[in-house]
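Numbered from 1 within each chain, the chains take letters A, B, ... in sequence-line order.
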Amino acid sequence: MPPLPVDLLRWYDRHRRTLPWRALPGRTADPYHVWLSEIMLQQTTVAAVIPYFHRFLDRFPTVADLARARQDDVMAAWAGLGYYARARNLHACAQAVDRAGGFPRDMAGLLALPGVGPYTAAAIAAIAFGHPVVPVDGNVERVTTRLFALTDPLPAARKAVALRAATLGEGAEARARPSDFAQALFDLGAGICTPKSPACALCPWLGACTGARLGIAATLPAKAPKGAKPVRHGAHFHLVDAAGNVLLRRRPDKGLLGGMLELPGTIWRAQAWTMADAVSHAPLASAPWTSMGRVTHVFTHFTLHVDVYAARIDRFPNVIAMGGGLVYGERELDGLALPSLMRKCLDIARRAGPAET
DNA sequence: TACTCGTGGAC
DNA sequence: TGTCCAAGAGT
């Protein structure tokens with residue numbers, strides 16, 4: 001007995017989540033809301049996204065408003081959510097959509113948008129435009145590998161899993177409700193077919209699930225082992241003048257934390273920095289630098305230890321401003337495009353006393 | 001194909 | 001405490 005769309009949709013009609021970007025039952029969601037939420041939800045939890053989604057709609061009510069915004073304001077609104085290339089692509093995409101007079105309604109047009117890949121194009125097509133496609137995200141991969149007991153490890157088996165997932169939406173009932181069917185798969189993965197301890201007893205597809213019948217559902221999807229996470233070291237400097245202004249700088253648009261602001265600092269390298277070595281790279285090596293402690297921050301592919309140094313001077317010499325330095329007042333910091341790592345550095349620089357060593 | 005690219009919460 | 005992970009995309 002294959003998994004029947006009608007069984008999932010019946011379950012969804014009773015148990016669907018209410019989420020800010022979702023339309024009421026029977027209604028079609030705003031493509032702007034669908035697109036914005038899908039970009040935010042890439043590799044990001046629903047709980048983390050909700051306050052950002054509200055803030056964005058408040059600040060940028062329409063895609064035209066977002067298109068016309070300054071990139072700095074978009075980055076600042078995104079600050080803390082991570083994967084900052086998403087914010088840069090979001091802004092570029094809004095401008096493309098605004099120029100075109102609206103979102104493309106077909107897969108090819110959606111795929112051509114910056115920041116929109118195979119998953120997001122399918123999600124928008126299904127949810128906003130009612131196209132009968134199955135967006136394959138982590139939820140759908142998990143549900144699919146369990147339903148059909150696909151034991152080949154990800155990511156190598158990703159293609160085969162996607163082909164199987166597409167068959168889930170082939171029935172007439174799914175093709176009649178593509179938006180609900182896609183979101184039903186998400187809700188099933190998020191609430192029932194969870195990564196650990198799935199609630200199989202409550203699953204509308206239990207009778208069709210080969211993984212459950214074999215007792216291996218909770219072990220799927222299999223994943224290739226990941227390599228060890230290297231450690232890097234850096235130092236960043238909190239330089240404040242008598243008026244309480246702080247020296248910052250902008251990171252280049254590409255690469256890690258691209259386009260975001262930071263305290264001036266050293267490169268991040270495998271070898272730890274001594275204080276003397278680090279301070280020789282400070283924006284003003286002659287300032288009375290004091291060690292304020294260490295921040296540890298875990299990125300996706302490495303762990304970073306940052307030694308934070310602080311110094312207070314009378315006023316910034318002009319040479320600092322000439323090096324691309326940006327000066328902000330203490331009370332401006334909250335609204336800036338500062339990533340979480342730099343919030344941590346600022347916190348200990350301003351709060352802690354000199355580190356005891 | 002295999003990396004790069006953030007963050008915070010759950011266990 | 002360390003590990004995993006969340007509606008992936010770009011290169």
Side-chain angles (χ1 to χ4, degrees), chain A residues 17 19-22 29 33-53 75 78-90 92-93 110-128 133-143 154-159 162 165 179 181-191 193-197 218 221 223-232 251-260 262 268 295-304 337-344:
Chain A
R17 290 175 290 175
L19 297 169
W21 44 87
R22 278 190 178 172
H33 297 181
V34 174
W35 164 72
L36 178 61
S37 67
E38 289 301 339
I39 301 299
M40 288 184 166
L41 286 161
Q42 290 169 4
Q43 298 294 289
T44 308
T45 58
V46 165
V49 164
I50 286 175
Y52 282 87
F53 181 79
M75 301 309 288
W78 197 275
L81 201 52
Y83 286 136
Y84 297 100
R86 293 185 296 174
R88 299 193 300 275
N89 288 330
L90 186 84
C93 184
L110 290 166
L111 267 174
L113 296 172
V116 177
Y119 161 76
T120 304
I124 297 171
I127 297 170
V133 291
V134 177
V136 183
D137 71 330
N139 286 307
V140 178
E141 285 182 341
R142 189 167 58 253
V143 169
L154 301 179
R158 191 147 280 159
K159 190 88 172 185
S179 171
F181 189 72
Q183 295 178 88
L185 285 170
F186 301 158
D187 284 11
L188 187 72
C193 197
T194 50
K196 298 167 190 171
S197 313
K223 295 190 176 177
K226 32 190 101 173
K229 193 167 288 193
V231 174
R232 296 186 194 173
R251 293 175 63 87
D253 245 352
K254 296 193 173 187
L256 190 64
L257 306 178
M260 301 296 282
E262 68 176 0
W268 300 341
V295 164
T296 296
H297 192 77
V298 181
F299 291 102
T300 304
H301 51 295
F302 66 93
T303 296
L304 178 67
L338 288 162
S340 293
L341 164 64
M342 289 300 148
R343 301 265 176 209
K344 290 185 192 174

I need the single residue from A:Y83, A:Y52, A:W21 that forms a side-chain contact (heavy atoms from CB on, under 4.5 Å) with A:M40. Which is it? A:Y52

Among A:L256, A:L341, A:V298, side-chain contact (heavy atoms from CB on, under 4.5 Å) partner for A:L304: A:L341

Starting at the 5' end of nucleotides 2-11 of chain C, put B wherever the base has a protein heavy atom under 4.0 Å, S where only the sugar-phosphate does, and a dash everywhere else. ---SBBBSS-

Distance-only polar pair, side chains of A:R86 and A:N89, donor-acceptor under 3.5 Å: no

Using atom [atom1] in both nucleotides, what's the gap between [N] and [M] to the nearest angstrom?
N	M	atom1	result
C:dA7	B:dC11	P	15 Å
B:dG8	C:dA9	P	23 Å
C:dA6	B:dC5	C1'	15 Å

Can you list the steps and then say if A:H297 with A:F299 is a ring pair (Phe, Tyr, Trp, His ring centres under 6.0 Å)? CA-CA 6 Å; A:H297 192 77; A:F299 291 102; 4.8 Å; yes

Counting any heavy atom closer than 4.0 Å, what does [X] reach on the DNA or RNA strands: base, sugar-phosphate only, or nothing?
X	answer
A:L81	base
A:P339	sugar-phosphate
A:G255	sugar-phosphate

Under a 4.0 Å heavy-atom criterion, DNA chain B is touched by chain A from B:dT4 to B:dG8

Reading DNA chain B from 5' onward, which residue's closest nucleotide shows up sooner: A:R86 or A:P155? A:P155

Out of curiosity, A:W35 CH2 to A:L90 CG, how far, rounded to the nearest 0.5 Å? 3.5 Å

Minimum heavy-atom separation for A:A190 to A:N139, with atom names? N-OD1, 3.6 Å

Donor-acceptor check, side chain of A:R232 to backbone of A:F302, threshold 3.5 angstrom: yes or no? no

Tell me whether A:R251 contacts the main-chain N or O of A:E262 through its side chain, where contact means a donor paired with an acceptor under 3.5 Å. no

